[in-house]
Protein chains: 2
Amino acid sequence: MAERTRPKPGETREKLMDAALALVGKGRHFASLGIREVTRQASVVPTSFYRHFKNMDDLGLQLVDELGLVLRRMMREARSYVLQADKLIDESVGIFISHAQNNRSFFMFMAQGLAGESRAVQEGIRSEMRYFASELANDLRRLRVVDHLNDADLDMTCDLVVRSVAFSLTDILSLAPDDEPQIEQVRKRTARFLQLIFVGAANWRR
Amino acid sequence: MAERTRPKPGETREKLMDAALALVGKGRHFASLGIREVTRQASVVPTSFYRHFKNMDDLGLQLVDELGLVLRRMMREARSYVLQADKLIDESVGIFISHAQNNRSFFMFMAQGLAGESRAVQEGIRSEMRYFASELANDLRRLRVVDHLNDADLDMTCDLVVRSVAFSLTDILSLAPDDEPQIEQVRKRTARFLQLIFVGAANWRR
DNA sequence: CACAATTGTGAACACTTGTACACATGAGGA
DNA sequence: TCCTCATGTGTACAAGTGTTCACAATTGTG
């Protein structure tokens, strides 16, 4: 090979996924990306793409898997920071928003994928959200903050919470990354959404 | 012209918008549509596109305007059916879901546009949702069902309601149009979401 | 009626696209 | 050592892309 550094196995694969993500982060929609465009951004020859992915949908699916890792890392951080229940909402929303800003491209990809054109990607993201909601339900049980709800109602509540937060995601992502005042407003509004939901849960079928 | 029927002015324009919508309805993402593809689906020569639209984003913007009409028609119907407040949630959700199914392509376009690549389309859809939420707030005031909430809190509640319903939209659209049992489940879950939110609103800052 | 404006048409352009093929390189096992 | 396999490269081609141009038909208005 004429290269000076020998590419480790999987390096090109990562470069391709990062390239796709970078393009999404620049405002492009994943569905409109082409193989050549991605390989160009990755400084790789088009043919290499096929060594790692069958087509763009395949790449999308693997991005969903990585997205799962990001979400799990976020949950771990949230769990370690939020010890007492009184500041639970504000701190969790804060952590979520800061992760959304630090992994802007990833979360853009997620927001796009929910209504994307690949059924498989769509289902993958939906499944990540379900997992997230069920973990949230576990945590709330553990913190004994919703003792009066049965499992089904708790699941519903957590589902609604996750959906609301996910929707706020699109608010944040449509803002400039450094527009602090607006971001602060989204943070406050999201927290109030969650408070409203939890007030509802607290008075549910009393 | 060699045609047997003379095209009325604006006919091709409608054909193009319908064609784009039809492709979206077939599962394609709007961002991935090309001018030639749309004109082909509309049985029109590519050049005609430019007679009516500057580019695909322009077409998207005009679709958002038509989407606004669909939403207004839906609100009018809801207002005429929902006279007393007790069945308010169930009936409204039912009307929404039936409209979502009757205008599948339109609502798919809306769901896609929220995280689409045209900032203008994104803002347009967001603005439609805000309008929808403010109309909902008016109706709730009129029905005197939330008298204890101040204006800001009512707006927040309606915003959350609209967001939750919009998210349910993606649930419905990912289902087969004739999968009644699943759709019924989405309907029920959405209604419970709204009930939870309204219980929260009823006990807000007591 | 004639005239200008609007709308539709077909051919042509310079590019980009997805994909295939044959080949080069390095790593690891026999 | 040699052989094989996974990975990366360069070239090539047919098909599709956005956009422009000059021209035809139909419309409403004077």
Side-chain angles (χ1 to χ4, degrees), chain A residues 1-24 26-63 65-66 116-121, chain B residues 1-24 26-63 65-66 116-121:
Chain A
M1 186 184 302
E3 294 278 345
R4 52 197 66 96
T5 71
R6 51 179 170 5
K8 282 166 293 190
E11 190 187 4
T12 302
R13 172 203 186 91
E14 263 191 47
K15 275 207 288 186
L16 287 171
M17 294 175 72
D18 287 351
L21 227 39
L23 288 169
V24 167
K26 275 183 161 52
R28 300 290 312 281
H29 191 105
F30 184 79
S32 76
L33 298 183
I35 289 178
R36 278 190 118 103
E37 196 178 3
V38 171
T39 56
R40 198 183 313 128
Q41 164 89 19
S43 309
V44 156
V45 96
T47 327
S48 288
F49 184 90
Y50 297 98
R51 299 284 183 203
H52 305 279
F53 311 101
K54 210 165 111 280
N55 47 41
M56 282 301 287
D57 277 8
D58 189 16
L59 194 157
L61 272 181
Q62 311 211 24
L63 275 181
D65 290 344
E66 273 208 35
E117 69 180 354
S118 159
R119 185 61 56 107
V121 168
Chain B
M1 188 184 302
E3 293 279 344
R4 51 198 63 98
T5 70
R6 52 185 168 4
K8 281 166 295 189
E11 191 187 4
T12 301
R13 172 202 185 92
E14 263 191 46
K15 275 207 287 185
L16 287 169
M17 294 176 72
D18 287 351
L21 226 40
L23 288 169
V24 167
K26 273 184 164 49
R28 300 288 314 280
H29 192 107
F30 184 79
S32 77
L33 298 183
I35 289 178
R36 280 189 118 103
E37 195 179 3
V38 172
T39 56
R40 197 183 314 128
Q41 164 89 20
S43 310
V44 156
V45 97
T47 326
S48 289
F49 184 91
Y50 297 99
R51 298 285 183 203
H52 305 279
F53 311 101
K54 209 165 112 280
N55 47 41
M56 282 301 286
D57 277 8
D58 189 19
L59 194 157
L61 273 181
Q62 311 210 24
L63 275 181
D65 290 345
E66 274 208 33
E117 67 181 357
S118 159
R119 186 61 55 108
V121 168

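Letters A, B, ... are given to chains in the order of the sequence lines, protein chains preceding strands, and every chain is numbered from 1. Scope of the values below: all heavy atoms of this structure, side chains included, with no hydrogens, waters or symmetry mates.
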Is Arg51(B) near enough to dT9(C) that one of its side-chain N or O atoms lies under 4.0 angstrom from OP1 or OP2?
-> no

Any side-chain N or O of Thr47(A) less than 4.0 Å from the OP1 or OP2 oxygen of dG10(D)?
-> no

Send over the distance from Phe49(B) CZ to dG18(D) C1', rounded to a whole Å.
-> 10 Å

Val44(B) backbone acceptor or donor facing Ser48(B) side chain under 3.5 Å | no

Short side-chain N/O contact from Arg40(A) to OP1 or OP2 of dT17(C), under 4.0 Å | yes

Could you state the atom-to-atom distance from CD of Glu37(B) to P of dG18(D) in whole Å?
-> 8 Å

Rounded distance in Å - CE (Met56(A)) to C1' (dT17(C)) = 13 Å

Atom-to-atom span, CG of Asn55(A) to P of dT19(C) - whole angstrom | 7 Å

Round to the nearest Å and state the distance from His52(A) atom NE2 to dT7(D) atom P.
-> 6 Å

Which value, rounded to the nearest 0.5 Å, describes the distance between Asp58(B) atom CG and Leu63(B) atom CG?
-> 10.0 Å

For atom CD1 of Ile35(B) and atom P of dC15(C), their distance in whole Å = 18 Å

d(CD, Gln41(A); P, dT17(C)) in whole Å | 13 Å

Check: dG16(D) base within 3.5 Å donor-acceptor of Arg36(B) side chain = no

Taking Glu117(A) for its side chain and Arg28(B) for its backbone only, find out whether a donor-acceptor pair lies under 3.5 Å.
-> no

Tyr50(B) vs dT20(D): side-chain N/O to OP1/OP2 distance below 4.0 Å = no

Considering just the side-chain nitrogens and oxygens of Ser48(A), establish if one lies under 4.0 Å of OP1 or OP2 belonging to dT9(D).
-> yes

